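For the numbers below, each heavy atom of this structure counts, side chains included, while hydrogens, waters and symmetry mates do not. Since the model is a prediction, treat every value here as computed from it, not as a measurement.
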Amino acid sequence: LLDATVDDWDRVFAVHVRAAWLLGCAAHPLLATARGCLVLTTSISGTQASPPLAAYSASKAAQLMLMRQMAVEWGPDGIRVNALSPGLTVTPGTAPAYAAPGALDSRAARVPLRRVAQPEDMAAALSMLIGPDAAYVHGHDLVVDGGLVNTMMPSLTQPAWQAQ
């Protein structure tokens with residue numbers, strides 16, 4: 001937080017929150033006519049502090065609230081609004097984090113499913129959210145992280161003798 005600049009903070013919020021709001025508002029008339037669905041891509045960082053990504057985490061938390069606000073206000077217009085919150089996922093943007101030898105295996109070991117997600121995992125979850133099987137899912141944050149967020153507190157409270 002202390003290293004963040006106002007320009008960096010504003011840029012991150014513009015990309016993640018302002019853009020989602022503007023896109024949603026622009027799409028609203030078409031979504032209302034089609035009784036469509038809007039899904040915001042957030043992150044597990046929106047509910048879990050992620051140093052040193054303070055602006056990113058705060059923007060994703062704001063995006064989750066934006067989704068909830070849209071769901072409440074736009075539901076009566078026939079628009080379903082949800083969020084997809086990926087966990088660790090290999091993408092072109094995250095590839096540098098996995099480039100070091102052993103980095104991918106180290107991160108995968110933290111995930112209960114013992115693997116890092118691929119973009120296809122997120123695409124499948126998104127397909128479910130926008131499809132007919134989720135016709136009554138509204139205002140929901142679908143966490144797709146292989147169970148990672150469920151390990152956050154246990155990893156901090158587990159006695160040292162159990163960690164081995």
Smallest separation among heavy atoms of [X] and [Y], with atom names:
X: Thr42; Y: Pro86; value: O-CD, 3.4 Å
X: His138; Y: Ala71; value: NE2-O, 2.7 Å
X: Val90; Y: Pro119; value: O-CD, 3.2 Å
X: Thr151; Y: Pro112; value: CG2-CG, 3.4 Å
X: Val81; Y: Met70; value: CG1-CB, 3.9 Å
X: Ala55; Y: Phe13; value: O-CE1, 3.8 Å

Could you see if [X] belongs to whatever hydrophobic cluster contains [Y]? Use Ile, Leu, Val, Met, Phe, Trp, Tyr and a side-chain cutoff under 4.5 Å.
X: Trp21; Y: Val72; answer: no
X: Met67; Y: Leu22; answer: yes
X: Val149; Y: Val111; answer: yes

When rounded to the nearest 0.5 angstrom, what is the spacing between [atom1] in [X] and [atom2] in [Y]?
X: Arg68; Y: His140; atom1: CZ; atom2: NE2; result: 10.0 Å
X: Leu38; Y: Leu30; atom1: CG; atom2: CG; result: 12.0 Å
X: Leu40; Y: Lys60; atom1: CG; atom2: NZ; result: 8.5 Å
X: Arg115; Y: Leu104; atom1: CZ; atom2: CG; result: 11.0 Å
X: Gln63; Y: Asp141; atom1: CD; atom2: CG; result: 10.0 Å
X: Asp77; Y: Thr33; atom1: CG; atom2: OG1; result: 10.0 Å

With Val116, the side chain to side chain contact (heavy atoms under 4.5 Å, CB included) member among Leu88, Asp145, Asp105
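The single option meeting the side chain to side chain contact (heavy atoms under 4.5 Å, CB included) with Val116 is Leu88.
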Can you list the other members of the hydrophobic cluster that holds Leu129, where links are side-chain heavy atoms under 4.5 angstrom apart?
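Same cluster as Leu129: Val39, Leu84, Met122, Leu126, Met128, Ile130, Val137, Leu142, Val144.
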Does [Y] offer a backbone N or O that forms a donor-acceptor pair with the side chain of [X] under 3.5 Å?
X: Thr91; Y: Thr94; result: yes
X: Ser106; Y: Gly102; result: no
X: Ser127; Y: Ala125; result: no

Verdict with supporting geometry, Ser85 and Leu64, side-chain contact (heavy atoms from CB on, under 4.5 Å)
CA-CA 9 Å; Ser85 289; Leu64 284 168; 4.2 Å; yes
Verify the neighbour count for atom CZ of Arg114: are there more than 12 heavy atoms of other residues, nucleotides or ligands below 6.0 Å?
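Enclosed: over 12 neighbouring heavy atoms sit under 6.0 Å from CZ of Arg114.
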Could you tell me whether Trp9 atom CH2 has more than 12 heavy atoms of other residues or ligands within 6.0 Å of it?
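More than 12 heavy atoms, drawn from other residues, nucleotides or ligands, come within 6.0 Å of this atom.
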Is there any ring pair (Phe, Tyr, Trp, His ring centres under 6.0 Å) pair reaching into residues 50-107, and which pairs are they, with sequence neighbours excluded?
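Every pair satisfying ring pair (Phe, Tyr, Trp, His ring centres under 6.0 Å) with a residue in residues 50-107: His16-Tyr56, His28-Trp74.
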Applying salt bridge (charged side-chain N to carboxylate O under 4.0 Å, His left out), which residue pairs with at least one partner in residues 8-26 are found, sequence neighbours left out?
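Residue pairs passing salt bridge (charged side-chain N to carboxylate O under 4.0 Å, His left out), neighbours aside: Asp8-Arg11.
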